[in-house]
Amino acid sequence: MGLLLCLPFYLLLSAASSPLNDVPNSSCSANFMDPLRNLNSSGLHLNLHHPRSPCSPAPFPDLPFSAILSHDEARVRSLAARLTKSVPKPVSSLLRPAAISVPLSPGNSIGVGNYITRIDLGTPAKSYVMLVDTGSSLSWLQCSPCSVSCHAQVGSVFNPASSATYRAVSCSASECDSLESATLNPSACSRSNVCIYQASYGDSSFSVGYLSKDTLSLGSGHRVANFVFGCGQDNEGLFGQSAGLIGLARNRLSLLSQLAPSLGYSFSYCLPTTGSTGYLSIGSYEPGQYSYTPMQSSSLDDTLYFVRLTSITVGGRGLPVSSSAYTGTPTVIDSGTVITRLPSDVYDALSSAVAAALRGYPRAPAYSILDTCFKGGLSRLAVPAVEMVFQGGATLRLAPRNVMIDVDSSTTCLAFAPSGRVAIVGNKQQETYSVVYDVGRLRIGFAAGGCG
């Protein structure tokens, strides 16, 4: 069921600001290497941080891992609802001149699994800490005067009045017409003819505000005039201490699409562990280092990144399931889902094979959604080699840390779970790999050793 959000326009138009407490920036160890030095000199490169890393400029609170898994499951449920079209769509007739009263369609659950980077916005440019999400299209950040609600963030809130290049987008603009495909929610229109966006997520987090344009500055001096983004006036939910979100999905309003004319229609990343720093790179990449799988098209959702998983091996042996067990369920690769979800038959076979390989170790009870668990930490287990093979032969050869995860000080579990309606390649399995999304050539590539 969608989130029912009632937002009086007079609150959006109010000049009163909400009190905000700036969160002090976290310190970053000098031992963290700079992964950007190994990248192609062309293109645009940004540092990327794990949400629970001491190196992150906006680390998430120290949540129990069960809470992280709960939010991860909310993201999977909402993504499955998007693909099966079972989410009720908002109806424009529900909009009223004095208020928005719309059952918002949940997109992906956001926050605890999303990696973090920085952007500069406005003239003069100021720096903002942002979540990165391949499952979202519209980029947005909190904006003064925070007419309804803003969460505490690192640094100051973006003030449109302080930027010489800021412009609000009118209701008649084509970007306003594109909002529903980007957010799954209809746009609204203020009394002053400013387009209002509504971005909502599966864990009931949301951002509502004005669709806007300003100058975006990234990396070493790359500037994008008239970058389209949401200027959030009501931002509620689990966004940590970030200022907002960068959307990298396949939609004309995403950051990728807006940068494509100048940098090319591709991006790559390396998702780091909590003990390292990764990168987000947009544009040129080194094609020879990757093995590729075709990017699949799907009528279920043309903004997400679909791939075809063809087999999984454990200790060099394929799982005893039919090929249709893999291909009968759509598979999405996603930066914000933590735990990989597999079709039930495939998961059961993987669980059995890993348990058989670790039969000499004492079992532990199930932990939340993870049911193949062992006593002790990952470092004491002889984890078998696991490979995920995709159409065309591209392979993720998973290290032990990509196969198992320490859920507490005395238990480690298989970092996979079953899913009925959609399979997802999660970020735990992608960690330390370079992953390239070449949308222009409709392919996704994997290369080992992208970051620590």
Side-chain angles (χ1 to χ4, degrees), residues 50-53 59-81 106-115 131 133 135 201-205 237-240 271 273-274 312 314 329 331-355 357-358 361-381 383 386 388 398-431:
H50 193 287
R52 290 175 298 285
S53 168
F60 270 76
D62 190 16
L63 298 172
F65 196 65
S66 58
I68 293 171
L69 291 176
S70 176
H71 285 280
D72 201 48
E73 190 67 3
R75 182 179 179 95
V76 172
R77 286 195 302 268
S78 59
L79 193 150
N108 291 339
S109 181
I110 210 73
V112 296
N114 292 84
Y115 287 72
L131 302 174
D133 188 29
Y201 306 97
D203 61 356
S204 296
S205 300
L238 196 64
F239 301 113
L271 305 179
T273 65
T274 56
I312 294 177
V314 177
T329 301
T331 300
V332 174
I333 182 169
D334 182 41
S335 68
T337 299
V338 178
I339 300 297
T340 286
R341 302 315 202 275
L342 296 172
S344 295
D345 289 350
V346 176
Y347 172 76
D348 290 343
L350 174 63
S351 173
S352 296
V354 171
L358 297 176
Y361 297 90
R363 292 292 295 267
Y367 184 95
S368 183
I369 62 171
L370 306 180
D371 63 11
T372 307
C373 300
F374 298 85
K375 294 180 179 178
L378 170 60
S379 60
R380 65 178 292 273
L381 298 180
V383 180
V386 176
M388 302 178 70
L398 304 180
R401 68 186 175 197
N402 302 116
V403 178
M404 311 291 293
I405 189 166
D406 288 329
V407 297
D408 58 33
S409 60
S410 61
T411 307
T412 187
C413 298
L414 180 65
F416 293 79
S419 179
R421 293 186 289 178
V422 58
I424 304 171
V425 182
N427 60 40
K428 182 61 182 173
Q429 282 61 46
Q430 298 177 58
E431 269 186 5

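Residue numbers run from 1 in the order of the sequence given.
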Shortest non-hydrogen contact from [X] to [Y]?
X    : Y    : value
Q430 : V425 : NE2-O, 3.2 Å
Y361 : R380 : CE2-O, 3.3 Å
V76  : S419 : CG1-OG, 4.1 Å
C373 : R363 : O-NE, 3.1 Å
Q429 : A415 : NE2-O, 3.0 Å

Spacing of CG belonging to L271 relative to CG belonging to N427, to within rounding of 0.5 Å: 6.0 Å
Side-chain polar contacts of residues 399-409 - donor-acceptor pairs under 3.5 angstrom, sequence neighbours left out - could you list them?
unit_1, atom_1, unit_2, atom_2, d
N402, OD1, A399, N, 3.2
N402, ND2, K428, O, 2.9
N402, ND2, E431, O, 3.3
D406, OD1, L378, N, 2.8
D406, OD1, T412, OG1, 3.3
D408, OD1, S410, N, 2.9
D408, OD1, S410, OG, 3.3
D408, OD1, T411, N, 2.8
D408, OD1, T411, OG1, 3.2

Carefully, step by step, assess L350 and L342 under the rule side-chain contact (heavy atoms from CB on, under 4.5 Å). CA-CA 9 Å; L350 174 63; L342 296 172; 3.7 Å; yes
Minimum side-chain heavy-atom gap [X]-[Y] below 4.5 Å:
X    : Y    : value
Y367 : L69  : yes
P51  : Y115 : yes
F374 : C413 : no
Y347 : L414 : yes
H50  : T273 : no

Could you walk me through whether V383 and V354 pass side-chain contact (heavy atoms from CB on, under 4.5 Å), step by step? CA-CA 8 Å; V383 180; V354 171; 5.9 Å; no
Checking the side chain of T340 only, and the main-chain atoms of G426 only, is there a donor and an acceptor separated by less than 3.5 Å?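 Side chain of T340 to backbone of G426, a donor-acceptor pair under 3.5 Å: yes, one is there.
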Got a donor-acceptor contact below 3.5 angstrom from the S352 side chain to the D348 backbone? yes
Could you work out, with side chain to side chain donor-acceptor pair (under 3.5 Å) as the rule, every residue matching T337, not counting sequence neighbours?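 By the side chain to side chain donor-acceptor pair (under 3.5 Å) rule, T337 matches R75, D334.
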Tell me, please, which residues at least two apart from S351 pass side chain to side chain donor-acceptor pair (under 3.5 Å).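 For S351 the side chain to side chain donor-acceptor pair (under 3.5 Å) partners, ignoring immediate neighbours, are T372.
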Yes or no on side-chain contact (heavy atoms from CB on, under 4.5 Å) for R421 and L79, after CA distance, side-chain angles and deciding distance? CA-CA 9 Å; R421 293 186 289 178; L79 193 150; over 6 Å; no
Does a side-chain N-to-carboxylate-O contact under 4.0 Å join D72 and R341?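 A salt bridge links D72 with R341.
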